[in-house]
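Lettering of chains follows the sequences in order, A, B, ..., and the numbering in each one begins at 1.
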There are 4 protein chains.
Amino acid sequence: MTEHFSANNNTEDWAQELLALGGEEKMTPKQVAILQAAVDVFAEKGYAGTATSEIAQKAGVAEGTIFRYYKTKKDLLLSIVGPTMSRLLAPFVIRNFGNLLDKSFDSYEDFLRSLIRNRLEFARKNFKILQILIQEIPFHPNLREQFMEDIMSKVFERISAQVEHFKQKGEIIDIPAPTLIRFTASAIIGYIMTRLLLQPNKEWNDEEEIELLIRLIGHGIAADPGDRSV
Amino acid sequence: MTEHFSANNNTEDWAQELLALGGEEKMTPKQVAILQAAVDVFAEKGYAGTATSEIAQKAGVAEGTIFRYYKTKKDLLLSIVGPTMSRLLAPFVIRNFGNLLDKSFDSYEDFLRSLIRNRLEFARKNFKILQILIQEIPFHPNLREQFMEDIMSKVFERISAQVEHFKQKGEIIDIPAPTLIRFTASAIIGYIMTRLLLQPNKEWNDEEEIELLIRLIGHGIAADPGDRSV
Amino acid sequence: MTEHFSANNNTEDWAQELLALGGEEKMTPKQVAILQAAVDVFAEKGYAGTATSEIAQKAGVAEGTIFRYYKTKKDLLLSIVGPTMSRLLAPFVIRNFGNLLDKSFDSYEDFLRSLIRNRLEFARKNFKILQILIQEIPFHPNLREQFMEDIMSKVFERISAQVEHFKQKGEIIDIPAPTLIRFTASAIIGYIMTRLLLQPNKEWNDEEEIELLIRLIGHGIAADPGDRSV
Amino acid sequence: MTEHFSANNNTEDWAQELLALGGEEKMTPKQVAILQAAVDVFAEKGYAGTATSEIAQKAGVAEGTIFRYYKTKKDLLLSIVGPTMSRLLAPFVIRNFGNLLDKSFDSYEDFLRSLIRNRLEFARKNFKILQILIQEIPFHPNLREQFMEDIMSKVFERISAQVEHFKQKGEIIDIPAPTLIRFTASAIIGYIMTRLLLQPNKEWNDEEEIELLIRLIGHGIAADPGDRSV
DNA sequence: TATGAATGAGAATTCATTCAT
DNA sequence: AATGAATGAATTCTCATTCAT
């Protein structure tokens with residue numbers, strides 16, 4: 001199952017998604033309980049600040065049970081955070097073979113709309129795990145590397161293709177792609193984080209906010225009138 | 001010493017700034033060493049992942065010495081992170097009594113330019129401490145509260161005043177201030193983090209990048225031509 | 001089946017011997033696998049250093065299966081080591097009723113030759129179990145007692161009879177039997193251990209070494225010329 | 001301080017010897033207590049069968065204290081067993097430069113007498129540690145290697161020199177040195193082990209036993225009358 | 001002021017054993 | 001008969017903190 005921005009992501013819950021990962025490898029209820037408890041406590045207290053005993057207690061299992069499923073505490077962390085990292089970035093890595101550019105978008109705004117909706121939805125569903133991911137990346141070099149090298153570079157490549165495409169169409173100002181992408185990404189991430197992390201309890205009208213956001217970004221990066229190529 | 005965006009911030013080093021904090025309370029060289037070591041290790045391994053013994057070793061003091069100066073490990077953290085948090089937000093909280101609006105800026109762009117330059121400089125100087133601050137805020141409710149309630153609200157108030165000011169001058173699109181501020185802040189923070197954290201080794205032309213950033217934000221939030229109020 | 005030095009011991013393998021022990025109690029293949037795995041791992045890592053899970057894994061059975069056959073880990077050890085201990089010392093305990101002395105040997109050298117060959121063969125076949133036995137005897141008082149009291153004493157009695165016999169024939173120097181026996185046993189055990197444990201890979205000419213060993217012992221304990229009783 | 005067989009070894013106690021090892025590095029009383037407790041318990045229950053908590057209790061210290069002095073349980077073992085192993089074999093490794101042969105002995109019997117007395121004394125003083133050494137060597141490859149390669153080979157070399165020397169003088173039968181050495185060593189080790197380990201409570205007349213032992217070995221390896229070289 | 005030995009509560013992890021299936 | 005999930009007590013080891021010097 002590939003995730004694509006333009007597709008509605010109707011999966012329900014990170015746990016079910018994690019479950020689905022293994023395919024046939026079924027998880028016992030205890031293992032699921034462990035995972036859920038771990039996600040909760042890691043998100044709240046951080047990896048290093050969490051005692052396995054607390055996870056066990058919250059999961060309603062004996063402490064030893066955790067180590068039947070995960071050799072070490074770190075294994076437990078990685079088994080939560082690793083797959084989610086891939087899925088977070090999955091839609092950027094769809095291979096429509098031989099072509100970096102996904103042509104299904106008529107305008108950069110369309111592209112942004114799809115991107116924002118899709119990743120906001122994903123972030124909502126995987127909120128806690130993403131929290132853990134963000135919190136732990138600084139302390140786990142292998143995580144960081146996987147994030148920076150394996151994935152970010154590909155994401156950049158993909159978005160870059162879109163940006164260049166619309167730049168050539170004269171819709172986007174002709175400044176370096178990294179700057180454009182950083183600007184766009186910052187605005188989107190800023191929205192998602194405010195929405196879910198900083199002010200989750202505020203009443204949000206997502207439709208409206210997203211349209212405003214797209215408008216802000218869109219105008220920000222719009223080519224100057226005179227520059228518009230034929 | 002109040003920090004103001006428009007002022008050049010010539011302080012050299014967070015350590016000296018921390019030193020200056022106490023005013024007359026002089027710090028012994030050992031205490032300074034402890035602070036520096038703590039900053040280094042906390043930044044690298046996180047608060048919970050750091051052993052006080054490691055700090056002591058790195059500082060070249062005995063384990064017990066740390067606890068002469070700081071009752072607990074957490075005290076040590078707070079003594080590092082607390083003052084810096086205030087200083088991070090200080091320029092937003094200058095009281096020119098009775099008036100929220102700092103009128104020293106001719107345009108929103110000017111305001112942004114000053115803001116970006118100043119806070120980038122500040123972030124550069126206090127890089128590690130800010131890293132610690134960001135990493136630990138999720139896990140320390142009191143830190144979080146201090147950040148969210150005591151300070152962010154005031155920052156918001158201040159910037160809000162600027163935004164409303166320029167909105168009324170017709171320079172800024174008439175959409176809710178929170179959305180505008182979030183957009184602006186996201187773009188700025190995104191730049192600073194990329195600059196210092198994600199790609200510190202890339203060759204940066206800050207002057208140019210900042211002007212581009214201002215241009216992007218400026219166009220993004222510019223009022224539509226027809227809307228410009230007389 | 002009694003073992004006697006003078007008999008050739010043609011059994012092939014300790015496992016088969018262990019199998020034979022129970023007589024009619026047949027062992028399932030799983031049980032045999034458990035025993036073999038246990039012998040391997042106990043010998044390599046020692047009883048206390050071995051996890052039952054490792055035995056189970058090496059035996060290709062479930063962890064629980066071990067405890068179907070052996071109530072405890074210690075039971076497993078004893079079921080391996082106990083019977084072998086008896087068999088190790090069996091040839092010394094043959095009851096030719098009413099007579100401690102086995103008269104089938106013409107000389108002490110003959111007796112030694114038979115003893116050495118037979119027990120070397122036995123040690124070769126039961127190498128790992130003997131290793132376990134030696135390694136564990138210090139830590140299991142009941143094992144130690146069984147070894148020291150039940151068995152060593154009888155062994156001593158038997159050999160003592162031989163020694164006294166040949167002493168009276170004037171072939172052996174007239175010093176206390178314990179000293180003589182200790183000397184003899186040390187030389188033999190030293191050979192067997194070097195042969196099998198310390199330098200198993202050296203090229204050995206057993207025939208020759210045994211004859212040399214007998215010669216050394218023989219001359220060592222030979223009566224002084226003048227002392228030879230008529 | 002070099003140990004030489006012919007010298008009387010008047011040191012009192014392994015603990016003092018261990019203490020002396022570091023030279024200036026003084027040990028706290030607690031550390032000494034830990035070492036003594038560890039020696040006791042390791043000897044009784046074996047390394048793997050010993051809980052650090054038991055050592056701590058017996059030493060009258062907190063469990064954590066053990067790990068201030070020894071990073072791991074294994075470190076504790078090695079710090080006990082390593083130095084003793086060296087000292088056990090030290091007298092064989094004296095370098096009287098350029099000459100393998102220690103010429104201070106008039107006969108092989110003299111050499112043996114000195115060797116037996118000296119090493120018996122050593123074994124008596126370091127009894128428990130030697131017990132530990134013997135028990136643990138099978139399970140610690142690095143110990144085993146140190147023992148076999150670093151040391152045994154040199155011991156063999158040294159004794160070999162003596163043996164060859166007296167062989168040339170016609171006092172010793174002309175059979176391969178390894179066989180002679182093994183025979184001699186077995187008899188000596190057998191005596192020492194019986195003396196200290198198997199029957200420590202028996203009344204021993206060491207003087208007499210040693211003379212008997214030398215006589216037995218001596219006659220065992222004596223050249224046949226006709227072979228004596230002029 | 002500074003030390004660093006000592007602590008002991010608690011952390012992660014192991015493992016023999018049980019038991020429902 | 002056999003499994004293997006589950007347990008929980010025990011084990012090794014860590015670490016913030018104290019305190020006598």
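The side chain of A/Lys30 contributes an N or O atom lying less than 4.0 Å from OP1 or OP2 of F/dT7. A sub-4.0 Å separation between OP1 or OP2 of F/dT18 and a side-chain N or O of B/Lys71 is absent. Distances shown here put every side-chain N or O of D/Thr52 at or beyond 4.0 Å from the OP1 or OP2 atom of F/dT11.
Look at CG on D/Leu76: it is 15 Å from C1' on F/dT11, rounded to the nearest Å. Between the P atom of F/dA16 and the CD1 atom of B/Ile34 lies a distance of 14 Å, rounded to the nearest Å. Going from atom NZ of D/Lys73 over to atom P of E/dA12 covers 21 Å, rounded to whole Å. Whole-Å rounding puts the C/Asp75 CG to E/dA16 C1' distance at 13 Å.
When each of B/Thr50 and A/Pro29 is assigned the nucleotide of DNA chain F bearing its nearest heavy atom, the one mapping closer to the 5' terminus is A/Pro29.
Heavy atoms of D/Tyr70 sit nowhere under 4.0 angstrom from any nucleic acid atom.
Side-chain N/O atoms of B/Gln135 and B/Tyr47 include no donor and acceptor closer than 3.5 Å. Looking only at atom types and distance, the side chain of D/Ser53 has no donor-acceptor partner in the side chain of D/Glu63 under 3.5 Å away.
Annotation: proximity of residues 60-68 of chain D to DNA chain E (heavy atom, distance under 4.0 Å) is found for D/Val61, D/Ala62, D/Gly64, D/Thr65, D/Arg68, numbered in ascending order.
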* To do: Begin from the C-alpha positions of A/Glu54 and A/Lys45 and carry the test salt bridge (charged side-chain N to carboxylate O under 4.0 Å, His left out) through to its verdict.
  => CA-CA 11 Å; A/Glu54 192 178 353; A/Lys45 309 198 167 175; 3.0 Å; yes
* Tell me, what's DNA chain E's dot-bracket, Watson-Crick or G-U with both distances under 3.5 Å, | for other-strand, [ ] crossing? -> .||||||||||||||||||||
